[in-house]
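Beneath this line is the structure, given in structure tokens, with notes to follow.
Given the structure is predicted, the values throughout are model-derived calculations rather than measurements.
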Amino acid sequence: MIFILRKRAWLLLFTLSLAVTSRAQARDKPATPMVVDARISTALQQVSADRIRANIEKLVSFGTRSTISAQDPASIAAGHGIGAAREWIKSEFERYSKDCGGCLEVKTDSFTEPAADRIPQPTEITNVYAVLKGTDAEGAKRIVLVTGHYDSRNSDTLDVKADAPGANDDGSGTAVSLECARVLSKLKFPATIIFLTVAGEEQGLNGSHHFAKMAKEQSWNVEAVLNNDIVGGDKSAQQDHSVVRVFSEGLPAAATEQEIKRIRGLGGENDSASRQLARYIADVGRAYHAGVKPMLVFRLDRYLRGGDHYSFNQQGFSAVRFTEFREDFHHQHQNVRTEKGVEYGDTAKFVDFDYVSHVARLNAATLASLVSAPAPPANVHLLTKDLENDSTLTWEAPAGGRAAAYEVLWRATGSPEWEHAQNVGNVTRTTLNLSKDNVIFAVRALDAEGHLSLPVVPLPER
């Protein structure tokens with residue numbers, strides 16, 4: 001008798017559990033898939049592996065692109081050294097601008113880097129970039145940026161005589177920035193895109209540091225930075241050409257001690273703005289099928305290593321790094337040579353140009369999606385004055401007036417990506433029957449066509 005009663009009680013609890021679960025599943029909706037913009041899809045088809053190959057081979061042809069190599073007029077005229085590479089990149093941006101009726105503003109950012117460990121004497125460093133200004137007066141203030149470094153090195157960072165082809169590191173990233181400029185300059189967007197190539201990376205992130213600091217000092221509204229470094233898909237046997245790694249910082253490099261304390265208290269170590277950018281890239285990858293899948297790696301960079309996106313992180317900007325799945329260190333930071341049957345050196349023969357074109361499509365799709373969308377909602381808060389199981393979020397409409405509605409996102413605290421989304425309409429306050437103890441929330445804006453902004457995780461408001 002006791003066994004039967006216990007069995008009935010267990011069945012009752014099980015039935016109730018199923019009912020609760022069913023109601024929860026009926027209430028929750030999968031995170032809204034990104035709307036595919038036909039205009040963006042058409043543009044992505046214009047990305048050319050042959051053009052990328054030609055650009056990488058041209059960069060290799062300069063012999064060395066070491067930051068401390070020659071940049072005098074004679075060397076430039078002879079097509080040798082970093083000065084010649086700089087002038088060629090600038091001419092390419094100018095050619096793209098001519099093709100689109102002057103739509104690109106081609107600029108340089110030059111400065112003198114003082115002598116340091118990897119710079120034996122004060123050296124002029126020049127970043128080259130092109131600006132595709134947004135068509136909307138307010139929206140044009142928003143900037144998204146793609147970058148790669150055009151300098152190279154070999155085994156000895158101070159060696160400027162031996163060839164340093166830098167086909168993969170980082171001719172590939174430079175080619176991505178150039179190809180994105182060529183393809184996207186044919187379109188018009190509400191917000192602004194900057195196509196950047198920097199120097200001085202191998203000497204200590206000098207170029208990106210200077211550019212990011214300039215952007216901060218001039219109060220640029222840089223919403224996202226995509227850094228492409230070693231995206232050549234090296235042709236090693238263990239390479240996985242179906243994925244590209246996307247690295248993003250956890251605790252923000254620019255966070256104050258008070259902010260870090262708050263992040264830890266809220267369990268927000270996995271929710272930096274850079275990490276939201278990485279998740280956005282994953283959404284783009286699912287929507288546009290660029291030919292390569294983003295593999296989100298939740299750390300700043302490869303283990304104990306760094307790249308130009310960190311310069312932007314240090315200034316408080318959202319920035320991520322794209323890198324091929326498996327690097328071959330025989331083909332990185334090595335003089336060109338063959339020893340015991342092993343080929344060393346970063347030459348073009350090891351680059352998979354189709355793979356680079358896939359990475360370029362993913363970058364271009366991300367850039368275009370971001371500048372097509374409204375700005376993210378402002379001043380997003382989660383109300384915490386009262387102890388309650390419901391959760392109330394508030395926010396302000398972003399500048400520009402393009403937000404037509406908003407979505408609240410949430411996920412389990414241990415989930416890497418957003419799991420659920422609820423469109424709450426064109427309002428700036430909503431209450432959900434969900435406990436803030438159990439999930440992470442965010443809010444994003446949508447325009448009338450369904451373009452999605454970056455999500456914003458709320459701050460607590462008492």
Side-chain angles (χ1 to χ4, degrees), residues 109 111 113 127 129 141-149 191-192 194 196 198 200-201 203-229 246-281 296-323 366 370 375-382 395-396 398-399 440-444 453-461:
D109 164 38
F111 60 99
E113 186 72 19
N127 301 318
Y129 62 108
K141 298 174 185 177
R142 296 173 50 223
I143 297 170
V144 300
L145 184 152
V146 60
T147 186
H149 71 87
T192 297
I194 292 179
L196 174 64
V198 299
E201 195 271 353
Q203 262 52 41
L205 313 183
N206 307 119
S208 59
H209 174 77
H210 187 270
F211 195 91
K213 186 177 179 184
M214 175 182 71
K216 183 69 173 181
E217 290 174 347
Q218 295 183 12
S219 300
W220 292 6
N221 181 16
V222 179
E223 208 169 273
V225 175
L226 311 181
N227 174 36
N228 290 266
D229 195 350
V246 180
F247 294 88
S248 58
E249 66 175 0
L251 288 175
T256 64
E257 285 299 319
Q258 184 177 3
E259 288 169 335
I260 290 174
K261 183 178 180 180
R262 184 191 69 227
I263 290 168
R264 287 174 173 155
L266 298 174
E269 296 91 342
N270 197 21
D271 280 285
S272 67
S274 295
R275 202 139 288 175
Q276 305 312 332
L277 174 57
R279 294 182 174 113
Y280 190 96
I281 293 166
L296 304 190
V297 184
F298 287 165
R299 57 166 41 115
L300 171 64
D301 206 317
R302 300 144 307 153
Y303 205 74
L304 297 179
R305 299 165 72 193
D308 286 317
H309 59 301
Y310 182 57
S311 296
F312 291 92
N313 289 151
Q314 287 178 305
Q315 299 300 325
F317 298 123
S318 304
V320 299
R321 174 186 180 132
F322 292 80
T323 299
T366 302
L370 285 167
N379 297 319
V380 182
H381 289 98
L382 180 58
W395 58 91
E396 295 176 8
I440 303 291
F441 286 109
V443 181
R444 63 186 176 192
S453 78
L454 286 168
V456 180
V457 174
L459 296 176
E461 181 179 313

**Heavy-atom closest pair, residues A254 and Q315** = CB-C, 4.4 Å
**Message:** To check you understand the geometry: which heavy-atom pair defines the closest contact between R321 and G307, and what is its length?
**Reply:** NH1-CA, 3.6 Å
**Item:** N313 side chain to S274 side chain, donor-acceptor N/O pair below 3.5 angstrom
**Value:** yes
**Request:** Check the pair H149, D229 against side-chain contact (heavy atoms from CB on, under 4.5 Å), reporting the backbone distance first and the verdict last.
**Result:** CA-CA 7 Å; H149 71 87; D229 195 350; 3.3 Å; yes
**Asked** Hey, does L277 have a side-chain heavy atom less than 4.5 Å from the side chain of L226?
**Response** yes
**Polar side chain donor-acceptor pair, R275 to S248, under 3.5 angstrom** = yes
**Request:** Just say parallel, tilted or perpendicular for the rings of Y129 and F211, cut-offs at 30° and 60°.
**Result:** perpendicular
**Request:** Check the pair V320, I281 against side-chain contact (heavy atoms from CB on, under 4.5 Å), reporting the backbone distance first and the verdict last.
**Result:** CA-CA 10 Å; V320 299; I281 293 166; 3.6 Å; yes
**Asked** If you round to the nearest 0.5 Å, how far is CG of L266 from CG of L459?
**Response** 8.0 Å
**Prompt:** Taking only residues two or more places apart in sequence, or in another chain, which ones meet L251 in a side-chain contact (heavy atoms from CB on, under 4.5 Å)?
**Reply:** I260, I263, R264, E269
**Item:** F317 to A212 - nearest heavy-atom pair and separation
**Value:** CE1-O, 3.7 Å
**Asked** Any side-chain heavy atom of L382 within less than 4.5 Å of one from P460?
**Response** no
**Fill in**
So CD of E201 and CG of N206: to nearest 0.5 Å the spacing works out to 9.0 Å
**Request:** Could you please spell out the steps behind the side-chain contact (heavy atoms from CB on, under 4.5 Å) verdict for K261 and T256?
**Result:** CA-CA 9 Å; K261 183 178 180 180; T256 64; over 6 Å; no
**Asked** Quick one: do D271 and R279 make a salt bridge, cutoff under 4.0 Å?
**Response** yes
**Prompt:** Distance-only, no hydrogens or angles: does the Q276 side chain make a donor-acceptor pair with backbone N or O of Y280 under 3.5 Å?
**Reply:** no
**Message:** For a 4.5 angstrom cut-off between non-hydrogen side-chain atoms, does P398 reach S453?
**Reply:** no
**Heavy-atom side-chain contact between T147 and N228 under 4.5 Å** = no
**Message:** In the structure I gave you, are the side-chain heavy atoms of L454 and R444 within less than 4.5 Å of one another anywhere?
**Reply:** no
**Prompt:** How many angstroms lie between atom CG of L145 and atom OG of S208, to the nearest 0.5 angstrom?
**Reply:** 10.5 Å
**Fill in**
Of all heavy-atom pairs linking P458 and H381, the shortest is CB-C, 3.6 Å
**Message:** Donor-acceptor pair, distance only, cut-off 3.5 Å: does the side chain of N127 make one with the backbone of G207?
**Reply:** yes
**Request:** Before giving the answer on side-chain contact (heavy atoms from CB on, under 4.5 Å), spell out for V380 and V456 the whole-Å C-alpha distance, their side-chain angles and the decisive distance to 0.1 Å.
**Result:** CA-CA 7 Å; V380 182; V456 180; 3.8 Å; yes
**Request:** Grab the two heavy atoms, one from A442 and one from P455, that are nearest each other, plus how far apart they are.
**Result:** CB-CB, 3.9 Å
**Asked** Shortest non-hydrogen contact from E249 to S272?
**Response** O-OG, 2.7 Å
**More than 12 heavy atoms of other groups within 6.0 Å of Q218 CD** = yes
**Asked** Do the side chains of L300 and H309 get nearer than 4.5 Å, heavy atoms only?
**Response** yes
**Prompt:** Sequence neighbours excluded, which residues qualify as ring-ring contact (aromatic ring centres under 6.0 Å, His included) partners of H210?
**Reply:** F111
**Asked** Below 4.5 Å, heavy atoms only, C-beta onward: do Y310 and Q314 meet side chain to side chain?
**Response** yes
**Message:** Taking L370's backbone N and O only, do any of them form a donor-acceptor pair with R142's side chain (distance below 3.5 Å, no angle check)?
**Reply:** yes
**Request:** Could you grab the distance from atom OG1 of T192 to atom CD1 of I143, nearest 0.5 Å is fine?
**Result:** 6.0 Å
**Prompt:** What do you reckon, are the aromatic ring centroids of F247 and F322 less than 6.0 Å apart?
**Reply:** no
